[in-house]
There are 2 protein chains.
Amino acid sequence: MGQGVPAGGRIVRPNPIADDGSDQKFCSTCAFGAACVGNGVDKIRLSELHCLVEHVGPYRPGQSIVRTGDRFGAIFAVRSGTVKTRLVDLEGRELVLGFHLPGELIGLNAIHAETYPCDAVALDTVEVCRFSFPALATLATRIPQVQQELFRRLSKDLGEANLRKQEATADERLAAFVLNLSARYEARGFPADSLHLAMSRSDIANYLGLAAETVSRVLRRFQDTGLLKVDGRDVKLCEVAALRDVAKNLLHR
Amino acid sequence: MGQGVPAGGRIVRPNPIADDGSDQKFCSTCAFGAACVGNGVDKIRLSELHCLVEHVGPYRPGQSIVRTGDRFGAIFAVRSGTVKTRLVDLEGRELVLGFHLPGELIGLNAIHAETYPCDAVALDTVEVCRFSFPALATLATRIPQVQQELFRRLSKDLGEANLRKQEATADERLAAFVLNLSARYEARGFPADSLHLAMSRSDIANYLGLAAETVSRVLRRFQDTGLLKVDGRDVKLCEVAALRDVAKNLLHR
DNA sequence: CGCAATCTTGAAAAGGCTCAAAACGGGTGG
DNA sequence: CCACCCGTTTTGAGCCTTTTCAAGATTGCG
């Protein structure tokens, strides 16, 4: 556990709320600890991060982790399950911004307005780590690696958000989507060729800027041509090379 | 000018290269100084920023400020002119990521890979401020407001990048584009109802995910219906309320 | 077992793209 | 000063991918 340590005239103290009495649940034992906090921070200092993390959940499918307009106070790392971020406009139409797997962060886009600009909704059973942002920012001034890791995460998300705007056919989008999910699961130690979609067809469609019917049709065609094996929300990648070829315009840039 | 000041065991010294001998060109006299470095940093500490800024340019139309793959070492603030960021894929097709007006930052998306992920090209005569990123990051650990401002900028860009993915008709896109440019110019003290486009129709089209012909046609129609007065690259906003109405699905969310 | 939500499938409509060509505008050189 | 040339912009017409609308099939769950 971290002790109170002087930091630019401030004192960072262990957060009794965060320290929920179950040390073994902390990130050192979390399957996604490394992915979550990055590799730049050495083990000893990592314990200081633990002092400001708070485990929250489980959330049930459909429950909100944050809501649009909520006051920004923390960023969240997904521990388990899948989280959808989305906007709902005045007419009730939804815009799906992204899907977040374990180890990925939510709330970085809220720093600016000091208000969450979108909902974060659990798609299945979800547990998260809550990082108080003021505390994290203070820690970042003391530990350059923490600052750097935050900059890096923001920068990475920014770059990826920018890339998502390129126009492409429905086939390209779906192939890239499946490959992207596969790669993200694989990076977390799950099999790369077999994945379960936590989100509905219409969520996928909305995220990719397509109609739900189109998603259905393309998936069907991918199955007919042997690229995928689709069984409801279970997807098996059969011809990864061929998928990559379909998605090539969206991948190597 | 800033003196060397201890900072977490490091010394930050005035950068002789940055201090190009023309104090009056520094941001305190720069028209966009306030917009550029933000309002969180008080005047005295702002002088420390000056020690690590370097004025670069002018660049002529078509010249690159950074190229894809260049080693990341600095972020840039546009001082004058308009900068286009873009990707060029293997087949030579261009993808326009954004346009940057004076006061806006370039290069934040390069922190992650430590390599610029896109080209930044001058559309007209462009001058920029160069901020060494390592120096800026070090300063950020000493001055929380600088850190906060960087987080905020990244967060803002991230949020805006996410919004740009929503699908919309050509009319909605164009109307929103013109209104967005207008608002950005206005925030910098330029007239809001009369603007000059530094970019070509095909750049606009590419940025908005449309064909150049479509941009031309929609602009024509906007002119015919009295929303705009278009003369080449000079655009006059005649019916702002009506434009807002056309773009409403892309604005208030 | 039956309802409700999700997913699939088919046929028709539409918005924007492609291709092609003409108009325009701004430099350059005679 | 004018003719010419190049790149950009505009305009037209047909086409194509995806959407929409409308049913029907599945699935999960009370």
Side-chain angles (χ1 to χ4, degrees), chain A residues 60-62 82 84 91-96 121 123-125 165-178 196-225 228-235 246-247 249-250, chain B residues 60-62 82 84 91 93-96 121 123-125 165-178 196-225 228-235 246 249-250:
Chain A
R60 298 296 160 199
T82 303
K84 165 175 82 173
E91 285 85 31
R93 286 171 305 210
E94 188 177 17
L95 175 66
V96 175
V121 181
L123 290 179
D124 43 21
T125 301
K165 61 170 274 193
Q166 51 205 311
E167 52 179 337
T169 66
D171 284 26
E172 288 171 326
R173 283 173 209 249
L174 253 309
F177 177 73
V178 170
H196 179 81
L197 305 174
M199 66 294 289
S200 68
R201 297 286 193 269
S202 57
D203 277 342
I204 297 173
N206 190 315
Y207 174 68
L208 295 177
L210 299 170
E213 294 93 327
T214 306
V215 172
S216 200
R217 280 185 256 264
V218 173
L219 248 26
R220 181 83 169 72
R221 186 148 32 75
F222 281 178
Q223 164 145 283
D224 290 348
T225 52
L228 297 177
K229 177 87 186 19
V230 184
D231 177 20
R233 294 187 175 186
D234 291 312
V235 176
V246 171
N249 290 326
L250 292 178
Chain B
R60 298 297 160 197
T82 303
K84 166 176 81 171
E91 285 84 32
R93 286 170 306 211
E94 189 177 16
L95 175 67
V96 176
V121 182
L123 289 178
D124 44 22
T125 301
K165 62 169 274 193
Q166 52 206 310
E167 52 179 336
T169 65
D171 284 27
E172 289 172 323
R173 284 172 208 249
L174 254 308
F177 177 72
V178 170
H196 179 80
L197 305 174
M199 67 294 289
S200 68
R201 298 287 192 269
S202 55
D203 277 342
I204 297 173
N206 191 316
Y207 174 68
L208 296 177
L210 299 170
E213 293 93 327
T214 305
V215 171
S216 197
R217 280 184 258 262
V218 173
L219 250 25
R220 180 82 168 73
R221 187 149 29 78
F222 281 178
Q223 164 143 284
D224 290 348
T225 51
L228 297 176
K229 177 88 183 21
V230 183
D231 177 21
R233 295 190 175 183
D234 291 312
V235 175
V246 172
N249 290 326
L250 291 178

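Order of the sequence lines fixes the chain letters, A, B, ..., with proteins taken first and strands second; residue numbering starts at 1 for each chain. Any value given below was found using the heavy atoms of this structure, including those in side chains, with hydrogens, waters and symmetry copies removed. Since we're looking at a predicted model, the values are computed, not measured.
Listed in residue order, the members of residues 168-177 of chain B having a heavy atom less than 4.0 Å from DNA chain C are B:Thr169, B:Ala170. Contacts between residues 210-217 of chain B and DNA chain D, defined by a heavy-atom separation below 4.0 Å, involve B:Glu213, B:Ser216, B:Arg217, listed by number.
Rounded to an integer number of Å, the gap from CG of A:Leu197 to P of C:dT8 is 11 Å. Separating the CZ atom of B:Arg201 from the P atom of C:dA23 is a distance of 19 Å, rounded to the nearest angstrom. Look at CZ on B:Arg220: it is 13 Å from C1' on D:dG12, rounded to the nearest Å. Residue A:Arg221 contributes atom CZ, which lies 13 Å from atom P of C:dG10 at whole-angstrom precision. With rounding to whole Å, B:Asn206 atom CG is found 16 Å from D:dT9 atom C1'. In this structure, B:Asp224 places its CG atom 12 Å from C1' of D:dT10, rounding to the nearest Å. If you measure from atom CD of A:Glu167 to atom C1' of C:dG16, you get 10 Å, rounded to the nearest angstrom.
B:Thr125 places a side-chain heavy atom less than 4.5 Å from the side chain of B:Arg60. Taking 4.5 Å as the limit, some side-chain heavy atom of B:Val246 sits within range of a side-chain heavy atom of B:Phe222. When side chains are defined from C-beta on, B:His196 counts as touching B:Arg233, because their heavy atoms get closer than 4.5 Å. Counting only heavy atoms from C-beta outward, the side chains of B:Arg173 and B:Val218 never approach each other to under 4.5 Å. Put simply, the side chain of A:Glu91 reaches to within 4.5 Å of the side chain of B:Asn249, judged on heavy atoms. Inter-residue side-chain proximity for B:Val96 and B:Met199 is flagged as unmet; no heavy-atom pair is nearer than 4.5 Å.
Interatomic distance, CG of B:Leu210 versus CD of A:Glu167, reported as 7.5 Å (0.5 Å rounding). Atom-to-atom distance recorded for B:Thr214:OG1 and B:Ile204:CD1 is 12.5 Å, nearest 0.5 angstrom. Annotation: the span from B:Glu94 atom CD to B:Lys84 atom NZ amounts to 3.5 Å, rounded to 0.5 Å. Distance check: A:Phe177 CZ to A:Leu208 CG gives 6.0 Å after rounding to the nearest 0.5 Å. Of the inter-residue distances, the one linking A:Thr169 atom OG1 with A:Leu174 atom CG reads 9.0 Å to the nearest 0.5 angstrom.
Partners of A:Ser202 under the side chain to side chain donor-acceptor pair (under 3.5 Å) rule, at least two apart in sequence or in another chain, are A:Ser200.
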Quick tally for nucleotides 25-30 of chain D: nucleotides whose base has a protein heavy atom under 4.0 Å get B, sugar-phosphate-only ones S, the rest -, giving ------
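Comparing the axis of the opening five pairs of the helix from C:dT8-D:dA23 to C:dG30-D:dC1 with that of the closing five pairs yields an angle of 40°, rounded to 10°.
Within the structure, every pair that satisfies the salt bridge (Lys or Arg N to Asp or Glu O under 4.0 Å) test and touches residues 212-223 of chain B, not counting sequence neighbours, is listed here: B:Asp171-B:Arg221, B:Arg220-B:Asp224.
A sub-4.0 Å separation between OP1 or OP2 of D:dT9 and a side-chain N or O of B:Arg233 is present.
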